[in-house]
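Have a look at the structure below, then the notes.
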Amino acid sequence: GAVVSQHPSWVICKSGTSVKIECRSLDFQATTMFWYRQFPKQSLMLMATSNEGSKATYEQGVEKDKFLINHASLTLSTLTVTSAHPEDSSFYICSATGQGGWSGGYTFGSGTRLTVV
Amino acid sequence: SQQGEEDPQALSIQEGENATMNCSYKTSINNLQWYRQNSGRGLVHLILIRSNEREKHSGRLRVTLDTSKKSSSLLITASRAADTASYFCRNSGGYQKVTFGTGTKLQVIP
């Protein structure tokens, strides 16, 4: 149990376009979703925390207007990278905690590798 | 697997004391990261030590790495109540599936 499906696995987009990344909890209700970013050979860096039905809380230094997070339902959270630039190229990953079938702990999605050209 | 194994599983100390926790890993290393997680919150990156480094400091944190033993230690000096959290290590920064061990639960008693 406690599976988080993240889509897409990788995406290449042109500079200036927007990219949406989805994370779905398949067998539990994700009350809280965490979004991370990881640059090559670096650590996971927490970007934001979103609770279902509420506005996301962003970590210091993360532009909320650039990284739009929507968590409108207990099974879906999305991260939209708006007006992407090459420096946004990174590995984005979500993790969720929840209820209703959640077995505890923090379940991670499989990640999305974003390349902006 | 990138998962590290932390020990002890739980640690309780008085405020002002030092806290030491250890991490062992199985695969070859690129770098090793330590994270903190407060209850109900996301993982927060604390410090990264590269495979060619043996010791690194950041504020009250001191991390050592012994690649021959495939182990690392995290020392928190002069602990504070706010340091109460779970601490996790993770090997490498690759894009493999992200997993973590059960961590060390640190409780600092005021």
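Lettering follows sequence order; numbering is per chain, from 1.
Atom NZ of A/Lys20 is surrounded by 12 or fewer heavy atoms from other residues, nucleotides or ligands within 6.0 Å. By the neighbour-count criterion of 12 heavy atoms within 6.0 Å, atom CZ of B/Arg80 is sparsely surrounded, having that number or fewer from other residues, nucleotides or ligands. Within a 6.0 Å sphere centred on NZ of A/Lys64, other residues, nucleotides and ligands contribute 12 heavy atoms or fewer. Around NE2 of A/His7, the count of heavy atoms belonging to other residues, nucleotides or ligands within 6.0 Å does not exceed 12.
Between the CG atom in B/Leu46 and the OG atom in A/Ser43 there is a gap of 9.5 Å [rounded to 0.5 Å]. Once rounded to the nearest 0.5 Å, the distance linking CG of A/Leu46 with CZ of B/Arg36 reads 11.0 Å.
In this structure, A/Gln42 and B/Gln33 approach most closely via the heavy-atom pair O-NE2, 4.3 Å.
Both B/Leu74 and B/Ile29 are part of a single hydrophobic cluster, where members link through side-chain heavy atoms under 4.5 Å apart.
With contacts defined as side-chain heavy-atom distances shorter than 4.5 Å, the pair A/Phe34/B/Leu43 does not qualify. In this structure, the side chains of B/Val44 and A/Met45 stay at 4.5 Å or more apart for every pair of heavy atoms.
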